[in-house]
Enquirer: 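Take a look at the following structure, please.
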Amino acid sequence: MPADPRDPDHVRDAGDAAAPGPERLCGRLVLALRSPGSKSERVAPVLEVGAGAEAGGEAGEGRSAPPERLVLRREGANPFHDPELAALEGQVLIVEGERRGSHFLVRRYRVRGDDEPAGADGDWA
């Protein structure tokens, strides 16, 4: 599977680049307040994807841009409360699914091992 040249941990399935299909992302799962002050306010699982995300890094002088943040929602799960994903806070995940704006619909995921490359296959949930 070819890696995105801008982000080597962002891996897209092989096939026609123009055709929509499953996408794989790798990043650190954090819990973040979403939609503050609205009726939809909640703490949601967010995948931080990109430079420094897996090391918990922040952007600053001489460092790369901050990680992209995507709200995760498991296919078929409650979009406002997902204890299964919340329990994985702080873990580096590899997720597969579809990007939908600032959200990512997760079809399957797994926790990435400490010495495992981002594109490796393993046990999926």
Side-chain angles (χ1 to χ4, degrees):
M1 285 176 233
D4 183 333
R6 295 164 297 184
D7 180 4
D9 287 335
H10 177 154
V11 180
R12 184 157 185 93
D13 283 340
D16 184 6
E23 183 177 4
R24 281 191 190 172
L25 301 174
C26 181
R28 183 168 303 279
L29 187 132
V30 297
L31 298 179
L33 183 64
R34 302 302 294 182
S35 306
S38 75
K39 291 193 304 186
S40 298
E41 180 176 305
R42 68 196 185 282
V43 174
V46 172
L47 190 70
E48 292 185 334
V49 179
E54 291 149 29
E58 294 287 328
E61 187 174 40
R63 295 190 202 162
S64 58
E68 178 181 15
R69 296 169 59 96
L70 295 165
V71 176
L72 296 183
R73 184 173 75 81
R74 280 187 311 124
E75 190 171 51
N78 183 332
F80 290 95
H81 180 68
D82 189 345
E84 184 174 323
L85 285 179
L88 299 172
E89 181 180 20
Q91 299 286 328
V92 175
L93 300 182
I94 300 173
V95 296
E96 184 176 283
E98 287 180 37
R99 186 184 300 251
R100 296 185 177 178
S102 64
H103 290 71
F104 192 84
L105 181 62
V106 178
R107 295 221 168 91
R108 58 185 193 159
Y109 71 89
R110 64 188 178 83
V111 176
R112 182 172 148 189
D114 292 337
D115 57 353
E116 177 183 0
D121 280 336
D123 296 329
W124 291 88

Enquirer: I want to check something: taking the side chain as every heavy atom from C-beta on, are L72 and V46 in contact at a cut-off of under 4.5 Å?
Expert: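 No, their side chains stay 4.5 Å or more apart.
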Enquirer: Which residues satisfy the side-chain contact (heavy atoms from CB on, under 4.5 Å) test with S40, sequence neighbours excluded?
Expert: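 So S40 forms a side-chain contact (heavy atoms from CB on, under 4.5 Å) with S35, S38, R42, F80.
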Enquirer: If I take atom CZ from residue F104 and atom CG from residue L47, how far apart are they, to the nearest 0.5 angstrom?
Expert: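 F104 CZ to L47 CG: 8.0 Å, rounded to 0.5 Å.
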Enquirer: side-chain contact (heavy atoms from CB on, under 4.5 Å) with P83: which residues, sequence neighbours excluded?
Expert: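 By the side-chain contact (heavy atoms from CB on, under 4.5 Å) rule, P83 matches H81.
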Enquirer: Would you please name every residue forming a side chain to side chain donor-acceptor pair (under 3.5 Å) with E98, sequence neighbours left out?
Expert: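 E98 satisfies side chain to side chain donor-acceptor pair (under 3.5 Å) with R100, R107 once adjacent residues are dropped.
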Enquirer: Can you name the closest pair of heavy atoms from V71 and A44 and give their distance?
Expert: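 Smallest heavy-atom distance, with atoms named: CG1-CB, 4.1 Å.
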Enquirer: What heavy-atom pair brings V49 and C26 nearest, and what distance separates the two atoms?
Expert: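 Minimum heavy-atom contact is CG1-O, 3.7 Å.
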Enquirer: To the closest 0.5 Å, what do you measure between CD (E75) and CD (E96)?
Expert: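 Interatomic distance, E75 CD to E96 CD, rounded to 0.5 Å: 11.0 Å.
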Enquirer: Got a second to check how far L88's CG is from Y109's OH, nearest 0.5 Å?
Expert: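 Answer for the CG-OH pair, L88 versus Y109, is 5.0 Å.
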Enquirer: Quick one: which of L25, L29, L85, L105 gives a side-chain contact (heavy atoms from CB on, under 4.5 Å) with V95?
Expert: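 Single pass found, and it is L25.
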Enquirer: Please identify each residue that fulfils side chain to side chain donor-acceptor pair (under 3.5 Å) with R74, with sequence neighbours left out.
Expert: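 Checked R74 against side chain to side chain donor-acceptor pair (under 3.5 Å); matches are D82, E84.
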Enquirer: Calculate, to the nearest 0.5 Å, the distance between atoms CD and CZ belonging to E68 and R99 respectively.
Expert: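 E68 atom CD to R99 atom CZ measures 4.5 Å (nearest 0.5 Å).
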Enquirer: Output all residues satisfying side chain to side chain donor-acceptor pair (under 3.5 Å) with R69, sequence neighbours left out; order by chain, then residue number.
Expert: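 Applying side chain to side chain donor-acceptor pair (under 3.5 Å) to R69 gives E48.
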Enquirer: Hey, mind stepping through R108 and R24 against side-chain contact (heavy atoms from CB on, under 4.5 Å) and telling me if it holds?
Expert: CA-CA 10 Å; R108 58 185 193 159; R24 281 191 190 172; 3.4 Å; yes
